[in-house]
Structure formats: structure tokens, C-alpha cells
Student: 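Take a look at this one; I'll ask things after.
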Amino acid sequence: MIGNVSRLHTINRSSLVCSLKFKSSFHNLTTTTPPSPPPLEEDDAAGLCNLILKLDLQTLSQNLETNSVCWTPDLVNKILKRLWNHGPKALEFFRLLERHPIYTHSTTSFDHAIDIAARLRDYKTVWTLVARMRKRRLGPNPKTFAIITERFVSAGKPDKAVRVFLSMHEHGCQQDLNSFNTFLDVLCKSKRAEMAYNLFKVLKRRFKADTISYNIIANGFCLIKRTPRALEVLREMVESGLEPTLKTYNIILNGYFKAGQIKEAWQFFLEMKRRKCVMDVVTYTTMVHGFGVSGEIQKARQVFDEMLETGILPSVATYTAFIQVLCKKDTVENAIVVFEEMLKKGYTPNSTTYSVLIRGLCHVGKMDKAMEYLDRMKQDECEPNVQIFNVIIRYYCDEGEIEKSLEVFERMGSGECLPNLDTYNILISAMFVRKRSDDLMVAGKLLIEMVDRGFVPRKFTFNRILNGLLLTGNQDFAQEILRAQSKCGRLPRHFRL
DNA sequence: TTAGGGTTAG
């Protein structure tokens, strides 16, 4: 186990040096110049990310100013996206590049940086960036405000989000029906349909609410399983002279399934048919998924076949939905049959498709097969996302294969895909299963690393590790943990280190 | 990034 502790030290660090593709200008960073460095492709965001992760602030600063990388908004955005789960580094990179002699940031890069800062709950930086955007006449735009309000809502500050939305114009960005609808959607997606509806009532005349506004609210009520409320809103819509669209019907259909009203969903579907309502791929995908989730695989299959007969082409989402329900309520073998069938028909599965299949395989303990599909993704040039890695790590942990889960974690750290809050939580919890003191050290290191990356662990996590360290007489490391805890403001106010 | 379908777990 000691091996693991020391291995963790090297995550994201030593192995990167070898795998990095250096460009001439980066050579002076290293004490020993690699013999014949392969050229760095202009587009090698992954290589640059590894470099950015590895370097300290000063070295990075010198390099961003003097290197000969041809910065483009596209490259910068790719890097910011890759550094998503290392917010402090991402912002450091963004700020340093702001001082670049020639390159200037684009609107979308500003939006990304604002999103990252807001996710770190660093609102001071958020508003500084907004002001800077405005000064450079790059915005802020409606999307900027969609980002900021969404972050406030998900941080549990919907009232603040409302105030921000209402004050958009003070930052030089006018509100219109689009931004109003976007904001209603932000509230609804975070299950605050009632709040959205109240705001809607006050502002619907001012913004001339349309079908989209009503659909958003109805969908919001469906998301919290309140189909009757959704229907009321739609009645109101019709009374105000607006016609429901196919999207409206699809929202209700999905709402019935979400609320477990399978019979109602089926009746609604039949009613749509009776009224000769033109259905689309979304209608059918909703039906396949809805029936499947409720365990009615035969019905799901029947609807799927009917869809083909009607001449409506399934989408990747339809196949994904079907594969998922087969994994959950049928057998993973049958899911694989559909997966192969999909390939044969020329569809390209995306990361969601792989995700449901890999999850299904993990669930029945076929970890090796799951790992095969993970590799297959790469061959298909479909980058595995953090959720997929988390699934694999979680199931390895559940099976007691801690070493294997750490191996996967290491693979992530070496540039493939940075771990997120869930990854750290899953692994840290797993470190308490075997009750080994080495595992405790790993947990501590993971905790420190996650704090460095801008994540805020729960108090419970800190206490658990601190108690363990104090019990095993590891005072020094406990101090280090306490410093990390104070860094992210999780220490009691009068606590002194 | 103006609305609807497919990743999460008991």
C-alpha cells in the first residue's frame, strides 16, 4: 500500500514530463532539454494543459509571454474546458494570457472564465471579469448572464440570481424575451418551477411571453413531477391565445412518465395518434425510455419497432435510451446486441451511449468488459468524460478493488480527464473501508489535492481524516490537513492553527 | 445557450 502513497505523489507530475510534446520555446523550462522533441501541434490542447498543470506560476508566466504558441480563441477555450476541474489553474492561465503582448481574449473565453470563477464561488472575480469584458467592448452578453444566474441558482442563491437578471441592463446588457426565457429555464431546471412561475406572472406582459415561455414553465413542473400544475399552465397558455406545439405535447408525455403515470402517458400517446398529431423522434424516444424505465421492455421494444415502421429514423439518443433500459430492466447482453446493431446501421455512439453501456457492464460485475469499452471509446475518438471514469472507479471501489480504482484515477490525472468533486469523494470514502493507515494517508493526500483544485470537501470528510490521523499519531500531517481546511473556509471561525 | 428525448443511486 505504501506504493500507492508514493504513487499518488507522482500523479499529474512525473509521468507527464515524458509524455509531453514540447515545442522549442518550452525547452528552457526544463533543466535538461529532451534530445529530439517532437513538435507540438498547434492544436495540442492536452499537451499544453499538462504543461500548465505542471508549472508554477512564475515559470508559467514567463512562458506564456515568451513562447511561440499560436494562441487562438479555439485553443484557449479547449484548454479552459480541459482545466474545468482545476478552477484555480484555469483562472491563473486565463489571467496570465491576458498580459500577452499580442493575443487578446475572446468573448467566449471570458464567458468560460466567468463560469469557472462562479463555480469556485469567487464572485469578486466574476464581476471583475464582467467589467473587463465591458471595457473591452466584448460584452457582457445574454449568455454571460445565463452563466452567472445559473451558477447563483445552483449555489442555492436563486434570489440573488433574480436580482442579477433584473440588473443586467446596468452592466450594459439589455433584457429581452430570449434572456427572460433563458432565465426561467435556469430556475426550472434547478427544480424551482414555482419561483419561475411567480416571476413569470409578474413579467409576462413586459416581455410578451410566448409559447416557449409557457413550455419552459410546464416542463419545470413536469421535472418536479407535478403534471397537473403543468397542464394548468398550458390551459392558461391556450386561454391567452397561444397554440401548443409538438414540443408542448412531448413535454407533457415525458412529464407523465417522470411522475410514474404510465397509464396516462399511454393514453396521451394514443390521443396524439387519434388526433393525427405529427410525432417525431423525440416523441418516440420518450416512449421507449419511459416504458423501459418502468420495466415494460416489451412495450418499449414494440414502440421502437413501430417507430421504424412509421419511417421515423431513430437518433443516437433513441438508441442510447433503448440501450440504457435494456441494461437496467433486461440484460446487458441484449443491450450489447442493440449497440452492435446501431453500429451496423452506421450510427456513431457518443459518450452518453458508452456511459450507459459501461455502467450496465459495471453493474453486473463485468469490469473487464467495461474497461474494454472504455478503450474502444478512445479508438472511436470519443473522449471518455469524468462521469464514465467515476462509474468505473465507484464500482471498483464497491468490489474492494481499491488498487484498480486508483489505477484508473491515475490515468485520469495523467491528462486524459481531470477528476471532479465526485471522483475525490468516491475515492476518499473508499479509503476508509480497509482500515489501513496507508489508505488514510492516501485519503489525506487526495483531500489536499482537491482543495488545491478549488473543491470544497464536506466538514465530515475533514473530520474523518483528522480523527484518523490523530489516532495514528500523525500530528504533522493532521496540521497540513487543517491548513487545507482553513484555506477553503471550513474551519470554525475562532479556530487557530 | 430560447423550449422537448438519452449518463446518477438507493
Side-chain angles (χ1 to χ4, degrees), chain A residues 107-108 111-112 115 141-150 175-186 188-189 196 207-220 222-223 230 233-234 237 242 244-258 265 279-293 300 303-304 307 312 314-328 335 338-339 342 347 349-360 362-363 377 382 384-392 394-395 398 420 422-423 425-426:
Chain A
T107 305
T108 47
D111 282 344
H112 281 313
D115 201 1
N141 52 57
K143 190 180 160 187
T144 319
F145 280 92
I147 290 167
I148 299 172
T149 51
E150 191 179 338
Q175 298 115 314
D176 57 8
L177 179 58
N178 292 352
S179 54
F180 178 54
N181 284 343
T182 304
F183 184 53
L184 291 178
D185 199 40
V186 163
C188 285
K189 294 270 162 65
F207 288 113
K208 298 193 170 54
D210 61 357
T211 318
I212 297 177
S213 325
Y214 281 98
N215 281 348
I216 289 168
I217 305 276
N219 189 44
C222 286
L223 285 178
V233 171
L234 294 178
M237 173 175 103
L242 293 165
T245 62
L246 177 57
K247 285 193 171 69
T248 316
Y249 295 132
N250 286 339
I251 286 167
I252 292 301
L253 189 63
N254 196 31
Y256 279 131
F257 277 122
K258 278 221 160 66
M279 300 193 226
D280 65 0
V281 56
V282 178
T283 320
Y284 278 99
T285 307
T286 307
M287 293 300 289
V288 169
H289 187 246
F291 272 134
V293 165
V303 173
F304 188 79
M307 172 181 186
I312 296 172
S315 64
V316 174
T318 320
Y319 274 106
T320 306
F322 198 26
I323 290 167
Q324 190 209 71
V325 298
L326 288 172
C327 285
K328 278 190 168 172
V338 174
F339 183 83
M342 163 182 185
Y347 287 89
N350 59 27
S351 54
T352 311
T353 322
Y354 276 105
S355 176
V356 299
L357 190 57
I358 288 173
R359 192 183 303 275
C362 289
H363 197 73
M377 278 185 86
C382 181
N385 56 30
V386 67
Q387 281 88 350
I388 295 182
F389 279 110
N390 287 350
V391 167
I392 292 174
R394 188 190 297 269
Y395 278 98
D398 285 354
N420 69 5
D422 289 336
T423 324
N425 281 334
I426 295 163

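The analysis underlying the following values was restricted to heavy atoms, covering all of them including side chains, and did not include hydrogens, waters or symmetry mates. Here the structure is a predicted model, which is why all the values come from computation and not from measurement.
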Student: Run the ring-ring contact (aromatic ring centres under 6.0 Å, His included) test against Phe339(A) and tell me which residues pass, sequence neighbours left out.
Tutor: Tyr354(A), Tyr373(A)
Student: Checking Asn390(A) against Asn420(A): is there a side-chain donor and acceptor pair closer than 3.5 Å?
Tutor: yes
Student: Nearest to the side chain of Ser315(A), heavy atoms from C-beta on, is which of dG5(B), dT7(B), dA9(B)?
Tutor: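 The answer is dG5(B), which lies nearest to the side chain.
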Student: Roughly, in whole Å, what's the span from CG in Leu223(A) to P in dT8(B)?
Tutor: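 Leu223(A) atom CG is separated from dT8(B) atom P by 16 Å.
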Student: Can you tell me if His289(A) touches the phosphate of dT7(B), counting only side-chain N or O atoms and a distance under 4.0 Å to OP1 or OP2?
Tutor: yes
Student: Tell me every residue that passes ring-ring contact (aromatic ring centres under 6.0 Å, His included) with Tyr249(A), counting only those two or more places apart in sequence or in another chain.
Tutor: none
Student: Would you say Ser179(A) and Thr182(A) are linked by a side-chain donor-acceptor pair, where the criterion is simply a distance under 3.5 Å?
Tutor: no
Student: Under 4.0 Å, heavy atom to any atom of DNA chain B: which of residues 208-217 of chain A qualify?
Tutor: Ile212(A), Asn215(A), Ile216(A)
Student: Can you list everything that forms a salt bridge (charged side-chain N to carboxylate O under 4.0 Å, His left out) with Lys189(A)? Sequence neighbours excluded, please.
Tutor: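 Salt bridge (charged side-chain N to carboxylate O under 4.0 Å, His left out) check on Lys189(A) returns Asp185(A).
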Student: Write down the distance between CD1 (Ile323(A)) and C1' (dT7(B)), rounded to a whole number of angstrom.
Tutor: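 After rounding, the reported distance stands at 12 Å.
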Student: In whole angstrom, give the distance that lies between atom CG of Leu357(A) and atom P of dG6(B).
Tutor: 18 Å
Student: Would you mind reading off the distance between Gln324(A) atom CD and dA9(B) atom P, rounded to a whole angstrom?
Tutor: 8 Å
Student: Per the atom types in the model, does the base of dG5(B) pair as donor or acceptor with the side chain of Thr285(A) at under 3.5 Å?
Tutor: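 Yes, a donor-acceptor pair under 3.5 Å.
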Student: Sequence neighbours excluded, which residues qualify as ring-ring contact (aromatic ring centres under 6.0 Å, His included) partners of Tyr319(A)?
Tutor: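 Once residues adjacent in sequence are excluded, the partners of Tyr319(A) under the ring-ring contact (aromatic ring centres under 6.0 Å, His included) criterion are Phe304(A), Tyr347(A).
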Student: Name the closest nucleotide to the Asp185(A) side chain, picking from dA3(B), dG5(B), dT1(B).
Tutor: dA3(B)
Student: Quick one: which of dT1(B), dG5(B), dA9(B) gets closest to the side chain of Arg359(A)?
Tutor: dA9(B)
Student: Any idea which of dT2(B), dG6(B), dA3(B) is nearest the Ala321(A) side chain?
Tutor: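 Given the options dT2(B), dG6(B), dA3(B), the side chain of Ala321(A) is closest to dG6(B).
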Student: With respect to the side chain of Thr286(A), which nucleotide from dA3(B), dG5(B), dA9(B) is positioned closest?
Tutor: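 Nearest to the side-chain atoms of Thr286(A), counting from C-beta on, is dG5(B).
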Student: Excluding sequence neighbours, so at least two apart, what forms side-chain hydrogen bond (donor to acceptor under 3.5 Å, both in side chains) with Asp115(A)?
Tutor: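 Here the qualifying residues are Arg151(A).
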Student: In whole Å, what is the span from the CZ atom of Phe145(A) to the P atom of dT1(B)?
Tutor: 19 Å
Student: Roughly, in whole Å, what's the span from CZ in Phe291(A) to P in dG5(B)?
Tutor: 18 Å
Student: Within the pair Asn254(A) and dG5(B), is there a side-chain N or O less than 4.0 Å away from OP1 or OP2?
Tutor: yes
Student: Measure from the side chain of Lys143(A), starting at C-beta and using heavy atoms only, and say which of dT7(B), dG6(B), dT1(B) lies closest.
Tutor: dT1(B)
